[in-house]
Number of protein chains: 2
Amino acid sequence: MDLAGRQLFALATDLVIFAFDGDALRLLLVRRGKPPFRGEWALPGGFLEHGETLEECARRELREETGVELRRLDQLSAFSTPGRDPRGNVVSIAYLALVRASNVLATAGSDAAEAAWREVDALPKLAFDHADIVEMARRRLADALYTTTAAFDLLPDSFTLAEAQTAFERVSRAPIDKRNFRSWLHKESRLRETGLARRGQHRPAKLYRLDQDQEPAQ
Amino acid sequence: MDLAGRQLFALATDLVIFAFDGDALRLLLVRRGKPPFRGEWALPGGFLEHGETLEECARRELREETGVELRRLDQLSAFSTPGRDPRGNVVSIAYLALVRASNVLATAGSDAAEAAWREVDALPKLAFDHADIVEMARRRLADALYTTTAAFDLLPDSFTLAEAQTAFERVSRAPIDKRNFRSWLHKESRLRETGLARRGQHRPAKLYRLDQDQEPAQ
DNA sequence: GCAAAAGTGTTATCCCTACACCCATGA
DNA sequence: TCATGGGTGTAGGGATAACACTTTTGC
């Protein structure tokens with residue numbers, strides 16, 4: 001095994017985790033408990049260890065820092081600008097995931113002093129190059145909106161069509177016509193009625209769930 | 001600067017470089033001059049050095065190994081399965097690029113014993129997990145075919161519509177209707193007539209070039 | 001009965017697809 | 001004149017986008 005003479009790097013993962021609170025898209029952030037950028041907000045993440053894949057690392061770090069477990073995790077991009085981490089020679093691979101409801105309690109773990117779900121349209125200043133990473137993630141997410149079922153991962157198991165529409169509007173950052181959205185859903189026939197309804201102040205809204213038969217998606 | 005205690009890795013880039021010879025899509029391969037996998041075919045690439053970005057590394061390695069220079073280079077994905085490199089603890093970031101004509105001479109440089117353009121549909125067995133990387137690259141390329149101008153990077157500065165169609169067919173791995181392809185090009189109006197024609201055995205074919213005005217694309 | 005959100009169809013336009021024949025040239 | 005690849009248009013079906021009113025409930 002000769003890696004002799006190779007220049008070595010620390011490898012990190014950074015996670016862009018979005019959730020939808022019924023009204024706004026939110027992003028999971030941690031307040032850094034150690035230098036560099038101690039006390040500032042950053043994406044959750046951490047260092048890769050020997051013998052694990054980047055994806056395993058991402059899941060492990062997220063669990064340790066925030067207690068959040070997730071199903072699907074997509075690789076976004078590697079970030080390697082020299083100097084992006086003041087500790088030097090750290091290359092980071094960013095991952096993107098969506099979670100259902102922000103009630104996955106963001107409890108601070110080891111490395112992170114504090115964790116919180118912040119509205120993506122009102123983010124604090126972020127450490128490192130994390131603002132760039134977040135913007136790339138939002139674009140990636142919006143690009144996949146209508147071609148995968150990814151966005152439904154933002155919704156609870158059963159949801160109303162109005163909730164789904166709002167989630168799509170927040171991801172695409174554009175208003176959507178109610179009737180067109182519903183006929184598109186019908187044409188795609190990715191949803192099943194549950195027979196139940198959500199009762200509120202006004203007329204009850206039917207609850208739907210994703211039709212599992214065709215979930216494979218991309 | 002404390003990276004103390006961090007487990008370190010060698011970082012490599014692997015390049016998937018496609019060219020179009022007028023008939024088939026071809027992939028740039030090098031025959032490895034050193035272990036591991038000495039003598040086997042592999043993607044060009046090499047190790048990241050301190051102070052450079054991954055993209056800079058990819059360009060440098062390609063230049064050194066094959067003399068090929070390229071404009072645009074897209075990051076594909078990071079590959080981190082433990083054991084993917086027998087030297088251990090090597091994470092690789094794959095890049096994708098397209099070059100005009102395969103007459104960019106693939107001359108072997110330092111690390112590579114030999115370089116060659118091989119038809120993508122008749123590739124030899126590849127070292128490491130490079131076959132997986134190539135397949136991901138082909139899918140990525142096909143996905144972007146009709147939404148970016150990327151595929152025109154495969155063509156010479158001026159080209160006939162038949163040449164463009166063949167390139168699109170090879171990338172998408174599907175036959176394309178001639179009239180539909182041409183009316184799509186017209187609708188997109190990304191091409192400009194040069195006024196010249198390519199003379200051959202039969203009726204001369206008009207030569208076109210990409211309209212620079214709207215090249216930004218994605 | 002009133003306020004508020006849920007639910008529902010139609011029309012015009014554009015895009016995609018399928019499909020067949022004449023044209024210009026070199027040999 | 002013939003063989004070969006270059007070049008051209010249309011019609012039908014499906015998707016998209018714009019648009020407003022009725023229904024059901026809680027208060």
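Here is the naming used below: chain letters follow the sequence lines, and residue numbers restart at 1 for every chain.
Using a 4.0 Å cut-off between charged side-chain N and carboxylate O, B:Glu135 and B:Arg173 make a salt bridge. Between A:Arg60 and A:Glu56 there is no salt bridge, since no side-chain nitrogen of the basic residue lies less than 4.0 Å from a carboxylate oxygen of the acidic one.
In summary, of the residues considered (B:Asp23, B:Asp121, B:Asp21), a salt bridge (Lys or Arg N to Asp or Glu O under 4.0 Å) with B:Arg170 occurs for B:Asp23 alone.
The side chain of A:Ala162 approaches C:dA6 more closely than any other nucleotide in the set C:dA6, C:dT8, D:dG6. Of the listed nucleotides (C:dG7, C:dG9, D:dT8), C:dG9 has the atom at the smallest distance from the side chain of A:Asn180. Of the candidate nucleotides C:dC15, C:dC19, D:dA15, C:dC15 has the atom nearest to the side chain of B:Lys187.
Distance, B:Gln165 CD to D:dT8 C1': 14 Å, rounded to whole Å. For the pair A:Leu185 CG and D:dA17 P, the interatomic distance rounds to 14 Å; values are reported in whole Å. Here D:dA15 presents its C1' atom at 20 Å from CZ of A:Arg182, a figure rounded to the nearest Å. Separating the NE2 atom of A:His186 from the P atom of D:dG14 is a distance of 15 Å, rounded to the nearest angstrom. One can place CZ of A:Arg179 at 13 Å from P of C:dT11, the figure rounded to the nearest angstrom. When the C1' atom of D:dT10 is taken as reference, atom CH2 of B:Trp184 falls 21 Å away, rounded to whole Å. In this structure, the CZ atom of A:Phe181 is 16 Å from the P atom of D:dA18, given to the nearest Å. Note: CG (A:Asp177) to C1' (D:dA15) measures 15 Å, nearest angstrom.
Under the ring-ring contact (aromatic ring centres under 6.0 Å, His included) criterion, the residue pairs touching residues 119-140 of chain B are B:Phe37-B:Phe128, B:Phe128-B:His130, with sequence neighbours excluded.
Ring centroid separation for the pair A:Phe168 and A:Phe152 comes in under the 6.0 Å cut-off.
The shortest distance between side-chain heavy atoms of A:Leu70 and A:Arg59 falls below 4.5 Å. Two residues are said to be in side-chain contact when any heavy atoms from C-beta on lie closer than 4.5 Å; A:Leu15 and A:Leu43 fail this criterion. Using a 4.5 Å cut-off on side-chain heavy atoms (C-beta onward), A:Trp117 and A:Ile17 make contact.
Atom CH2 of B:Trp41 sits about 10.0 Å away from atom CG of B:Leu126, to the nearest 0.5 Å.
Shown for residues 193-207 of chain A: residues whose heavy atoms fall under 4.0 angstrom of DNA chain D, namely A:Arg199, A:Gly200, A:Gln201, A:His202, A:Arg203, A:Pro204.
Relative to the axis of its first five pairs, the axis of the last five pairs of the helix from C:dG1-D:dC27 to C:dA27-D:dT1 sits at 0°, rounded to 10 degrees.
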